[in-house]
Amino acid sequence: MNKLQTLISILLIAFVSTVNLNAQSKKKIQIEYAGKLTIDEDNYPGAKILTRDDAEQVHIEHGGSNLWCDKAIHYSKENFIEAYGNVILKQGDTINMTSDYIEYSGITEFAFASGNVVLKDPNSTISSDTLYFDRAKEQAFYKSGGTVVKDSSGTITSRIGRYYMNQKKYQFVEDVVLVNEESTINSDYFDFYSDTGYAYLFGPSTITTETSKTYCEKGFYDTENKVGYALKKARIDYDNRIIEGDSLYFDNNTSFASATNNIKVTDTINNSIVKGHYAEVFKDKDSLYITKRALAITVQEQDSVYIHADKIMVTGKPENRIIRAFYNAKIFKSDLSGKSDSIHSDQKTGVTKLLNIPSLDSNDKFSVKRRPILWNIESQMTGDTIHLLSNNETEKIDSLLVFENAFVISKDTISDNGYNQISGKSLVGLFNDENQLRQVDVTKNAQSIFYARNDKQELIGIDKSKSGSISILFENGDIDEYTRFNQVDGNLYPESKFPEKERILKGFDWREDERPRSVDDLFKDDPPLKLPVIEGLKDYVPQDQFFDLDLKERLKASKKIYKFKIPDKNNLLLYANEFDKSKWYKHDVKVISNKEKAPNGKNNAMKMIGTGQKDGHILQSVGATEGIFKFSIWLKGTGTIRIRFQEAGNDFTSYETLNIDLSDDWEQYQIISEKENDGNKLRCVISNIQTEDSFYLWEAELTKLKQLESQAQSKKLKDKLISKHNQKKITLDKAPKNN
């Protein structure tokens with residue numbers, strides 16, 4: 001090597017060393033100001049005690065972050081600081097955190113704050129008793145309750161919260177509540193973006209405003225613009241309407257909502273329901289529009305009236321609802337049905353109008369005009385317009401009116417091709433208490449053909465006549481008697497002498513094949529229905545554990561310094577020791593607070609007793625869908641119970657079960673099992689709790705294991721069970737399919 005190469009090598013080594021020294025020095029916590037410095041080796045070995053003076057607080061800097069406090073304990077060798085009193089931590093112009101106490105490591109860049117913790121950034125403010133702040137990942141986390149305030153979006157509280165600073169994203173878990181001037185949101189799992197005010201809801205969730213309440217188990221809400229949509233068991237409750245559907249969109253600014261697929265709108269005041277597959281609701285206008293197999297259902301006298309059409313509109317205040325059905329409208333009741341171009345039903349006046357059907361083909365001059373039609377028992381009635389009149393007090397149809405071209409037909413009960421017929425200008429019909437047509441009066445230019453029979457139902461002859469008007473009495477759909485007024489002519493013909501061409505009146509149109517005889521028949525003329533596929537939001541993805549393996553590795557260097565307990569495990573269960581919480585579903589059991597000491601000797605455990613005659617149980621579902629899991633819990637008491645892993649849905653498949661004979665001593669029981677990703681969540685169950693059973697519970701824990709870890713723990717568990725087999729009757733077996 002020549003001299004020039006040697007010189008270059010020396011300079012290069014010196015440069016690299018300088019860079020490394022500068023990098024290391026940057027990682028060191030720097031003391032920028034301290035009013036007083038003392039050393040107390042007895043209480044703080046290896047540390048410097050820094051205190052403020054009257055002019056300034058202690059000032060500490062590290063990697064672009066500045067910290068001020070009244071007192072600090074500085075462990076320079078460990079590159080660690082404890083800060084006390086009026087602590088302020090600032091990171092650039094974006095993060096400002098205040099608290100009573102902070103622990104911070106320059107090695108891990110991890111801070112733990114406690115006591116009146118408030119973290120602010122330009123978009124929001126977090127408040128909590130304790131807060132974990134990972135500068136390296138730009139994340140903050142609380143797990144014992146916290147509050148987030150966003151000026152325009154409101155205030156959010158939850159048991160667990162995590163802030164991804166780079167994404168301006170919060171993830172809240174358990175008892176999540178957002179409150180602002182316009183609404184209150186409650187949810188189990190809640191993702192919130194502080195820069196946009198977007199909120200994503202998962203699990204049972206509600207959005208409550210002054211005028212509405214929206215429920216869903218998956219949804220989105222723009223907290224600034226007050227719009228959103230709801231999926232999965234979606235429902236909106238207004239003052240007097242309930243809207244349900246596969247997908248609901250809502251705008252709380254205009255009180256507008258639209259719904260798609262499997263829609264049901266319930267009028268709670270008028271006891272009516274409207275169904276379909278697309279709907280729009282304008283609350284302030286008291287207006288509802290629905291299409292795609294639209295069906296309106298109104299209850300009358302313990303019976304239901306069904307109206308179907310291409311489109312249905314319901315308008316008016318609750319006391320004056322009007323139903324309008326357009327195009328190919330049909331009506332069905334157990335004892336009455338009808339068909340027309342459109343139907344207009346006024347619930348206040350009790351008038352239902354069947355309006356004229358236009359020509360089938362307007363370009364065909366020979367096309368037949370299809371008039372509105374009604375069927376009652378065996379009678380068919382047509383006319384240009386038909387009105388049904390109901391009594392609102394009795395909720396019964398008591399009369400009908402037919403305007404222009406009235407025509408009544410009923411098939412003769414015996415002859416194959418005989419039809420009783422009445423025609424005239426208009427018609428008035430009266431119903432009896434059984435909703436059967438009892439009397440019909442036809443006025444102006446009345447014509448009739450009757451098949452006259454004696455008491456033995458023998459045909460006497462065929463009566464054909466013309467008169468000014470006719471009044472007919474019916475009995476069970478058959479003509480009982482009739483009276484003509486101002487008769488012009490008429491004859492009774494023997495059947496053999498009555499010409500075929502004279503056997504029907506002008507305008508005769510027997511339409512029995514169109515008659516709806518069931519609710520399903522209302523839809524038989526509809527084209528095939530193809531519903532749109534609703535994609536919407538993806539399923540909830542549980543957040544990664546805050547104290548993951550990477551963070552734990554980083555904390556190892558300072559593990560002896562941090563005063564807070566670094567969790568060894570990540571429990572997927574909420575309320576591990578609070579079994580009285582609603583998150584723990586309970587059936588035929590009762591949870592009681594008591595003074596029985598828990599296994600840790602400090603806290604009190606909870607007591608559980610069976611209250612039912614059969615299998616009492618308590619369980620909790622989690623968001624995990626696949627992996628290897630371990631469920632463990634401390635138990636003591638009397639009785640024989642079991643713990644198990646189970647599928648949370650579908651057929652509730654049980655993956656593993658442990659039957660337990662309880663004893664008077666605390667013992668930790670656990671099971672390990674693997675669950676494939678079948679789309680269903682996992683739940684942990686404590687079951688087979690009988691009335692005489694009484695026991696204590698503590699520290700329910702569900703953790704996800706790695707493959708190697710699970711194999712080792714499974715072997716250890718099996719060895720433990722084998723060794724105790726002769727002392728306790730504990731058996732580990734595959735569980736049956738039922739609970």
* Phe450 and ring-ring contact (aromatic ring centres under 6.0 Å, His included): which partner among Tyr482, Tyr419, Phe498? ->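 It is Tyr482; the other options fail the test.
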Only residue of Tyr221, Phe220, Phe190 satisfying ring-ring contact (aromatic ring centres under 6.0 Å, His included) with Tyr200 is Phe220
Those residues at least two apart in sequence (or on a different chain) that pass ring pair (Phe, Tyr, Trp, His ring centres under 6.0 Å) with Phe431 are none
Across all chains, not counting sequence neighbours, the ring pair (Phe, Tyr, Trp, His ring centres under 6.0 Å) partners of Phe282 are Phe256
Could you tell me whether the side chain of [Y] reaches within less than 4.5 Å of the side chain of [X], counting heavy atoms only?
X      : Y      : answer
Glu512 : Trp375 : yes
Lys275 : Arg293 : no
Leu355 : Ser340 : no
Leu619 : His617 : yes
Phe403 : His387 : yes
Ile470 : Phe485 : no
Arg453 : Ile460 : no
Ser337 : Arg517 : no

Once you round to the nearest 0.5 Å, how far does [atom1] of [X] lie from [atom2] of [Y]?
X      : Y      : atom1 : atom2 : answer
Ser423 : Ile504 : OG    : CD1   : 11.5 Å
Asp237 : Thr211 : CG    : OG1   : 11.5 Å
Asp509 : Ile409 : CG    : CD1   : 7.0 Å
Asp412 : Arg503 : CG    : CZ    : 10.5 Å
Ile422 : Leu427 : CD1   : CG    : 7.5 Å
Ile185 : Asn180 : CD1   : CG    : 7.0 Å

Please check if the side chain of [X] supplies one atom and the backbone of [Y] the other of a donor-acceptor pair under 3.5 Å.
X      : Y      : result
Asn186 : Thr206 : no
Gln447 : Gln421 : no
Asp222 : Lys226 : no
Asn225 : Val227 : no
Asp188 : Phe202 : no
Arg241 : Asp267 : no
Asn420 : Tyr451 : yes
Thr291 : Asp310 : yes
Arg324 : Ile312 : no
Thr266 : Thr268 : no

Under 3.5 Å, side-chain donor or acceptor atoms of residues 488-497 against the rest of the protein: list the pairs with distances, not counting sequence neighbours.
residue	atom	partner	partner atom	Å
Asn491	ND2	Tyr493	OH	3.3

Determine whether the side chains of [X] and [Y] contain a donor N or O and an acceptor N or O closer than 3.5 Å.
X      : Y      : value
Ser345 : Thr352 : yes
Ser258 : Glu280 : no
Asp384 : Asn405 : yes
Asn486 : Ser467 : no
Asp246 : His277 : no
Asp651 : Thr653 : yes
Thr260 : Ser247 : no
Ser187 : Ser205 : yes
Asn261 : Tyr278 : no

Which is it for Ser687 and Asp615 under the side chain to side chain donor-acceptor pair (under 3.5 Å) test, yes or no, and what are the steps along the way? CA-CA 7 Å; Ser687 62; Asp615 177 21; 4.6 Å; no
Non-hydrogen atoms of [X] and [Y] that approach each other most closely:
X      : Y      : answer
Asn252 : Ser212 : OD1-OG, 4.0 Å
Gln487 : Ser465 : NE2-CB, 4.1 Å
Leu388 : Leu336 : CD1-CD2, 3.9 Å
Asp441 : Ile472 : OD1-N, 4.4 Å
Ile290 : Ala279 : CG1-CB, 3.8 Å
Trp510 : Gln380 : CE3-OE1, 3.6 Å

Please determine whether the number of non-hydrogen atoms from other residues, nucleotides or ligands lying under 6.0 Å from atom [atom1] of [X] exceeds 12.
X      : atom1 : value
Asn417 : CG    : no
Glu210 : CD    : no
Lys213 : NZ    : no
Lys218 : NZ    : yes
Lys425 : NZ    : no
Phe508 : CZ    : yes

Check: Step by step, would you call Ser410 with Glu378 a side chain to side chain donor-acceptor pair (under 3.5 Å)?
Finding: CA-CA 6 Å; Ser410 63; Glu378 299 304 323; over 6 Å; no
So Lys348 and Asp346, salt bridge (charged side-chain N to carboxylate O under 4.0 Å, His left out) or not? Walk me through it. CA-CA 6 Å; Lys348 181 179 181 180; Asp346 189 324; over 6 Å; no
- Establish, yes or no, whether a centroid distance under 6.0 Å links the rings of Phe332 and His308. no
